[in-house]
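First comes the structure, then the notes that go with it.
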There are 2 protein chains.
Amino acid sequence: MSEGVEWALHSCVNLAWSGPDRAVSAARLAAWHDLPAAYLNKQLQALARAGILTSSPGPRGGFRLARPLASISLMDVVAAVEGPEEAFRCTEIRRRGPGAGDPAAEGADAADCAVAHAMTRAELAWRRALAAQNLDEIRQQAEQQAPEAAGRLRAWLAAQ
Amino acid sequence: MSEGVEWALHSCVNLAWSGPDRAVSAARLAAWHDLPAAYLNKQLQALARAGILTSSPGPRGGFRLARPLASISLMDVVAAVEGPEEAFRCTEIRRRGPGAGDPAAEGADAADCAVAHAMTRAELAWRRALAAQNLDEIRQQAEQQAPEAAGRLRAWLAAQ
DNA sequence: GGTCAGGTACTCGGATACGGGTTGTCCGAGTTCCCAGGG
DNA sequence: CCCTGGGAACTCGGACAACCCGTATCCGAGTACCTGACC
């Protein structure tokens, strides 16, 4: 899995802690956790394209949350960064070579492949678990672990 | 996800259809679905190292199932091919840069990271779904779709 | 003092290199089988 | 006919390249702000 997913999730929570009034540039968000700024910018662009963040150029510009944390699921972020295609893709090897059965007799749909069906079922469980958790729950748990984190971020942003 | 997973799963079912009496070489299994023989051999070696298959060298050698299909879960095959490490790995970015909190005050365990905790929970659902399905169920479903597949494979192997 | 024009600095956004890992290929060690020769 | 020894063919197993995607970087277009001059 791409490392950008972790960065994107933390950045979204950081944006929530920063507050909705002002945007935060990719450089600030990157510096906060010592990440490569230009590359994090790439990931944030993906989040903006997915409608999770909004971006504004120029001074005082940057990124901010496009909607409340509670309405952003982990699945949204993962899909935005990793792409919508599923991890396991059936290449239909059973249709190639001498093992290929009669195409007319058998169903031509990829959903008929028992292997693909089973793998898709597992991946569906993964996606469902991701969709069941939203970023606000993440934020609440993080605040419970480190209650001063939000204040420290805001103070650091103000001092920049 | 690695393409070898699909190959390994189909090969295991094919080995079951071939019967436990004789081994099947990687070249035969690869030719059946028109796959690169040497690379499939690599995947089958991984399955052998994991204790899913047994290998025997020399003429009449090849691979055969080490245990019944019903006792091989999808998780076993995926872990053998992809490796045991989990897809999402927490790099603890919250501990780097100015955003790093007081290491003494906060828990030092990676399990405390709310992001990692949520992602791990989803991945656990995936692994659980994989472990809940065994290869014998795959075989049964495949036979229901194409009842003549097993016979055609045995005939082709005998004709080689 | 208010207004406006210009410059400047900062932002995102996409185009551009680099590296590690999956994909793919090759050859050697080892084993089994076959066959010829001898008893 | 039965036994034995040698050779040959076939197999896995690991070592060796090629390609692709994730990682990382850089520069340009555009915008907002600030500054200064002018009315």
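Letters A, B, ... mirror the listed sequences (proteins, then strands); counts begin at 1.
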Original post:
Between the main-chain N or O of B:Gly97 and the side-chain N or O of A:His33, is there a donor-acceptor pair closer than 3.5 Å?
Top reply: no
**OP:** Under 4.0 Å from any atom of DNA chain D, heavy atoms only: list the residues of residues 3-10 of chain A that qualify, in numerical order.
**Re:** A:Glu3, A:Trp7
Original post:
Just by distance, with hydrogens left out, do B:Thr91 and A:Glu6 show a side-chain donor and acceptor under 3.5 Å apart?
Top reply: yes
**OP:** Send over the distance from B:Gln45 CD to C:dT25 P, rounded to a whole Å.
**Re:** 16 Å
Subject >> Worked check of salt bridge (Lys or Arg N to Asp or Glu O under 4.0 Å) between B:Arg139 and B:Glu137 >> reply: CA-CA 5 Å; B:Arg139 180 186 62 83; B:Glu137 296 165 4; over 6 Å; no
Subject >> d(CD, A:Glu85; P, D:dG22) in whole Å >> reply: 9 Å
Original post:
Which one, D:dT25, C:dT11, D:dA9, comes nearest to the side chain of A:Arg28?
Top reply: C:dT11
**OP:** Please determine which of A:Glu123, A:Arg89, A:Met119 meets the side-chain contact (heavy atoms from CB on, under 4.5 Å) test together with B:Met1.
**Re:** A:Met119
Original post:
Can you check the A:Tyr39 OH to C:dG19 P distance for me, whole Å?
Top reply: 16 Å
Original post:
Quick one: B:Leu40 CG to C:dT25 P, roughly how many Å, whole number?
Top reply: 12 Å
Subject >> Given C:dT31, D:dA24, D:dG13, the nucleotide with the shortest approach to the side chain of B:Pro57 >> reply: C:dT31
Subject >> B:Ser25 side chain vs B:Arg28 backbone, donor-acceptor pair below 3.5 Å >> reply: yes
**OP:** Whole angstrom is fine here: how far is it from CD1 in B:Ile93 over to P in D:dT23?
**Re:** 13 Å
Original post:
Is any side-chain nitrogen or oxygen of A:Arg49 closer than 4.0 Å to OP1 or OP2 of C:dG14?
Top reply: yes
Subject >> Atom CZ of B:Arg96: over 12 foreign heavy atoms under 6.0 Å >> reply: yes
**OP:** Starting from the 5' end of DNA chain D, give me the residue, A:Pro59 or A:Asn41, whose nearest nucleotide shows up first.
**Re:** A:Asn41
**OP:** Report which part of the nucleic acid B:Ala23 touches: base, sugar-phosphate, or nothing (heavy-atom distance under 4.0 Å, all strands).
**Re:** nothing
Subject >> Nearest-Å distance for atom pair CZ/C1', residues B:Phe63 and D:dC12 >> reply: 6 Å
Original post:
What integer distance in Å separates B:Leu53:CG from D:dG13:P?
Top reply: 10 Å
Original post:
Just checking, any donor-acceptor pair under 3.5 angstrom between side chains of A:Ser73 and A:Asp76?
Top reply: yes
Original post:
Is the shortest side-chain N/O distance from B:Ser55 to OP1 or OP2 of D:dG13 below 4.0 Å?
Top reply: yes
Subject >> Closest-nucleotide ordering on DNA chain C, the 5'-leading residue of A:Gly58 and A:Ala38 >> reply: A:Gly58
Subject >> Phosphate OP1/OP2 of D:dT23: any A:Ser2 side-chain N/O under 4.0 Å >> reply: yes
**OP:** Would you indicate which nucleotide in C:dT11, C:dC33, D:dC12 comes nearest to any side-chain atom of B:Arg60?
**Re:** C:dC33
Original post:
Please give, in whole Å, the distance from D:dC26 C1' to A:Lys42 NZ?
Top reply: 12 Å
